[in-house]
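Worksheet: one structure, shown below.
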Amino acid sequence: ETEATASAPFLTDHAKLIDSVETFIFDCDGVIWKGDSLIEGVPETLDMLRSMGKRLVFVTNNSTKSRKQYGKKFESLGLSVSEEEIFASSFAAAAYLKSIKFPSDKKVYIIGEAGIQLELKQAGINYIGGPEDGDKRIDLAPGQLMEHDHDVGAVVVGFDRYLNYYKLQYATLCIRENPGCMFIATNCDAVTHLTDAQEWAGGGSMVGAIKGSTKKEPLVVGKPSTFMMDYLASEFNIKTSQICMVGDRLDTDILFGQNGGCATLLVLSGVTTLETLQSPENKIQPDFYTTKISDLLAAKKV
Ligand code: PLP
Ligand code: CA
């Protein structure tokens with residue numbers, strides 16, 4: 001006998017939800033913006049929540065930019081958000097390595113874009129790889145071995161539009177041959193929305209390639225893993241039961257909130273449709289769902 005899971009209710013008491021928490025964590029793509037355009041009503045909603053004394057934190061699985069670059073993106077969209085309020089999976093990779101005191105005589109091999117390089121640099125962690133390896137090809141004479149750096153102590157894999165066989169082989173050699181070399185993934189999103197017209201292979205495709213060649217499981221630092229939740233809760237000294245996680249994706253955002261013991265709110269302004277949310281196949285139910293974050297403006301005192 002299978003019991004149907006009750007589907008999440010539509011949010012009606014906005015003020016009650018807002019009053020029940022002190023912090024809102026917002027996912028970015030599909031909640032704040034879609035690609036490069038701001039979602040309707042976002043500035044007013046953030047202003048209202050701030051005026052009510054709420055702490056606002058922004059978490060994105062997109063590793064292609066650094067905190068600083070996201071700060072500029074928020075600014076270009078007319079939102080005043082400081083770098084310290086932004087937690088991208090690129091930053092999470094660097095923060096994780098810092099938290100385990102990654103040795104200064106070791107380096108990281110990067111499959112990924114500039115965001116990861118910039119965050120590792122900021123954290124004082126040595127790295128090689130990244131976009132610079134995008135043009136490299138393997139051209140070995142018979143019997144010649146491909147060299148790799150034996151000081152690579154971690155491979156960080158994120159979204160990489162310049163992935164090639166050289167990078168796959170380099171990362172594989174490091175993980176398989178360097179004793180204790182870690183395999184860290186910024187995120188495992190199956191698809192992303194580089195353009196609205198279609199879905200594109202996401203960071204999970206690059207991570208999956210290295211899983212395939214190494215037979216190892218990565219340590220994931222992005223959503224839904226609890227690393228960023230624990231990190232920001234400790235950084236701001238907040239209880240996760242006092243947080244509402246707002247996102248557009250069930251298997252990353254809503255699961256991230258639930259794993260952390262937060263209240264969860266799904267918005268339909270991104271990738272999840274009402275049909276998906278209410279389908280019997282969907283096992284991840286948020287506490288509430290709503291159309292977009294500006295629905296929270298209903299709580300505004302007149
Ligand atoms: N990864 C990439 C490469 C993306 O382009 C996106 C969304 O644009 C994401 C991940 C998901 O980002 P978020 O967690 O902000 O929804
Ligand atoms: Ca999202």
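Keep in mind that this is a model prediction, so the values were computed, not measured.
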Is it true that, when you exclude Asp36 itself, more than 12 heavy atoms of the residues, nucleotides or ligands shown sit nearer than 6.0 Å to its CG? no

So, Asp13 side chain and Lys16 main chain: donor-acceptor pair closer than 3.5 Å or not? yes

Report yes if some heavy atom in the side chain of Cys181 is under 4.5 Å from a heavy atom in the side chain of Arg176; otherwise report no. no

With a 4.5 Å limit on heavy-atom distance, are the side chains of Arg137 and Tyr166 in contact? no

What about the rings of Phe58 and Tyr70, do their centers lie closer together than 6.0 Å? no

Please check if atom CD in Glu83 has more than 12 non-hydrogen atoms from other residues, nucleotides or ligands closer than 6.0 Å. yes

Tell me whether Glu119 is salt-bridged to Arg67, with the criterion being a basic N under 4.0 Å from an acidic carboxylate O. no

Within a 6.0 Å radius of atom CD on Glu40, are there more than 12 heavy atoms belonging to other residues, nucleotides or ligands? no

Can a donor-acceptor pair be found, under 3.5 Å and without considering hydrogens, that links the side chain of Ser89 to the backbone of Ala92? no

The reported gap from CD in Glu217 to CD1 in Ile210 (rounded to nearest 0.5 angstrom) is 13.0 Å

Could you tell me whether the side chain of Asn164 and the main chain of Gly134 form a donor-acceptor pair under 3.5 Å? yes

If you look at every heavy atom in Leu268 and Thr272, which pair is closest and at what distance? CD2-O, 3.4 Å

Heavy atoms, side chains only, cut-off 4.5 Å: are Ser90 and Leu118 in contact? no

Does Phe256 share a hydrophobic cluster with Phe26, counting links as ILVMFWY side-chain heavy atoms below 4.5 Å and allowing steps through other members? no

Of all the heavy-atom pairs spanning Ser104 and Asn126, show the shortest one and how long it is. O-ND2, 2.9 Å

Could you point out which residue of Gln242, Lys239, Met52 forms a side-chain contact (heavy atoms from CB on, under 4.5 Å) with Glu22? Gln242

Report the C-alpha distance between Asp133 and Tyr109 in whole Å, list the side-chain angles of each, state the deciding distance to 0.1 Å, and finish with yes or no for side-chain hydrogen bond (donor to acceptor under 3.5 Å, both in side chains). CA-CA 10 Å; Asp133 282 355; Tyr109 184 71; 2.8 Å; yes

Let me see the working for Thr60 and Asn62 under side-chain hydrogen bond (donor to acceptor under 3.5 Å, both in side chains), right down to the final yes or no. CA-CA 5 Å; Thr60 176; Asn62 187 339; 5.3 Å; no

Shortest non-hydrogen contact between Gln285 and Gln258, atoms and distance: O-NE2, 2.7 Å

Polar side-chain atom of Thr290 near backbone of Val267 as donor-acceptor pair, under 3.5 Å: no

Cluster question for you: counting only ILVMFWY and a side-chain heavy-atom cut-off of under 4.5 Å, with indirect links fine, are Ile125 and Leu219 together? yes

Sidechain-backbone polar pair: Gln144 side chain, Ala141 backbone, donor-acceptor under 3.5 Å: yes

State the NZ-CG distance between Lys107 and Asn178, to the nearest 0.5 angstrom. 10.5 Å

Taking the side chain as C-beta and beyond, is there a heavy-atom pair between Arg55 and Val57 under 4.5 Å? yes

All heavy atoms of Leu56 vs all of Leu46, minimum pair found to be CD1-O, 3.8 Å

OH-CD distance between Tyr289 and Gln278, expressed to the nearest 0.5 angstrom: 5.0 Å

State plainly whether the residues Asp27 and Arg249 are in salt-bridge range, i.e. N to O under 4.0 Å. no

Can you list the steps and then say if Gln169 with Ile138 is a side-chain contact (heavy atoms from CB on, under 4.5 Å)? CA-CA 9 Å; Gln169 171 66 357; Ile138 290 176; 4.0 Å; yes

What I want to find out is whether Lys34 reaches Asp29 closely enough, with some N-O distance under 4.0 Å, to be called a salt bridge. no

Donor-acceptor under 3.5 Å (Ser269 side chain, Gly30 main chain): yes

Mind running side-chain contact (heavy atoms from CB on, under 4.5 Å) on Thr45 and Lys292 for me, showing each step along the way? CA-CA 10 Å; Thr45 311; Lys292 53 190 182 314; over 6 Å; no

Between Arg50 and Glu85, is there a side-chain N and carboxylate O pair less than 4.0 Å apart? yes

Are Ile243 and Val246 joined in one hydrophobic group, where the rule is that I, L, V, M, F, W and Y side chains link up if heavy atoms are under 4.5 Å apart? no

How about Ile25 and Leu232: do any of their side-chain heavy atoms sit closer than 4.5 Å? yes

Does Tyr165 belong to the same Ile/Leu/Val/Met/Phe/Trp/Tyr cluster as Met206, with side-chain heavy atoms less than 4.5 Å apart forming each link? yes

Would you please test Phe10 and Phe288 for ring-ring contact (aromatic ring centres under 6.0 Å, His included) and show each step? CA-CA 6 Å; Phe10 183 71; Phe288 301 101; 9.8 Å; no

If the threshold is 4.0 Å, N to carboxylate O, is there a salt bridge linking Asp251 and Lys223? no

Should Phe91 and Tyr231 be marked as a ring-ring contact (aromatic ring centres under 6.0 Å, His included) after you check the CA-CA gap, both sets of side-chain angles, and the distance that decides it? CA-CA 11 Å; Phe91 172 80; Tyr231 186 92; 5.8 Å; yes

Output for pair (Leu266 CG, Ile254 CD1), nearest 0.5 Å, gives 5.0 Å

Verify side-chain contact (heavy atoms from CB on, under 4.5 Å) between Val156 and Ile111, making sure each step is shown before the conclusion. CA-CA 6 Å; Val156 172; Ile111 288 183; over 6 Å; no

Linking I/L/V/M/F/W/Y whenever any side-chain heavy atoms sit under 4.5 Å apart, do Met48 and Val81 land together? yes

Interatomic spacing from CD1 in Ile293 to CD in Glu44 - rounded to 0.5 Å: 9.5 Å

For the side chain of Glu199 and the backbone of Val191, is there at least one donor-acceptor N/O pair under 3.5 Å apart? no

Looking only at side chains, do Thr273 and Thr276 share a donor and an acceptor under 3.5 Å apart? yes

Close side-chain approach of Ile128 to Ile110, heavy-atom, < 4.5 Å: no

Non-hydrogen side-chain atoms of Tyr170 and His148 separated by less than 4.5 Å: yes

Can you measure from OG1 (Thr172) to CE (Met146) and round to the nearest 0.5 angstrom? 9.0 Å

Backbone N or O of Gly130 within a donor-acceptor pair of the Asp160 side chain at under 3.5 Å? no

Inspect the surroundings of NZ in Lys68 and state if more than 12 heavy atoms from other residues, nucleotides or ligands are less than 6.0 Å away. no

Looking at every non-hydrogen atom in both residues, tell me the closest pair between Val207 and Ala185 and how far apart they are. CG2-CB, 3.7 Å

Can you give me the closest heavy-atom contact between Asp248 and Val31, atom names plus distance? N-CG2, 3.7 Å

State whether the side chain of Lys98 and the backbone N or O of Ala93 hold a donor-acceptor pair below 3.5 Å, judged by distance alone. no

Using side-chain heavy atoms (C-beta onward) and a distance below 4.5 Å, is Met182 in contact with Ile100? yes

Short question: side chain of Ser279, backbone of Glu275 - any donor-acceptor pair under 3.5 Å? no

From CA spacing to verdict: side-chain contact (heavy atoms from CB on, under 4.5 Å), Asn187, Thr252: CA-CA 9 Å; Asn187 66 304; Thr252 52; over 6 Å; no

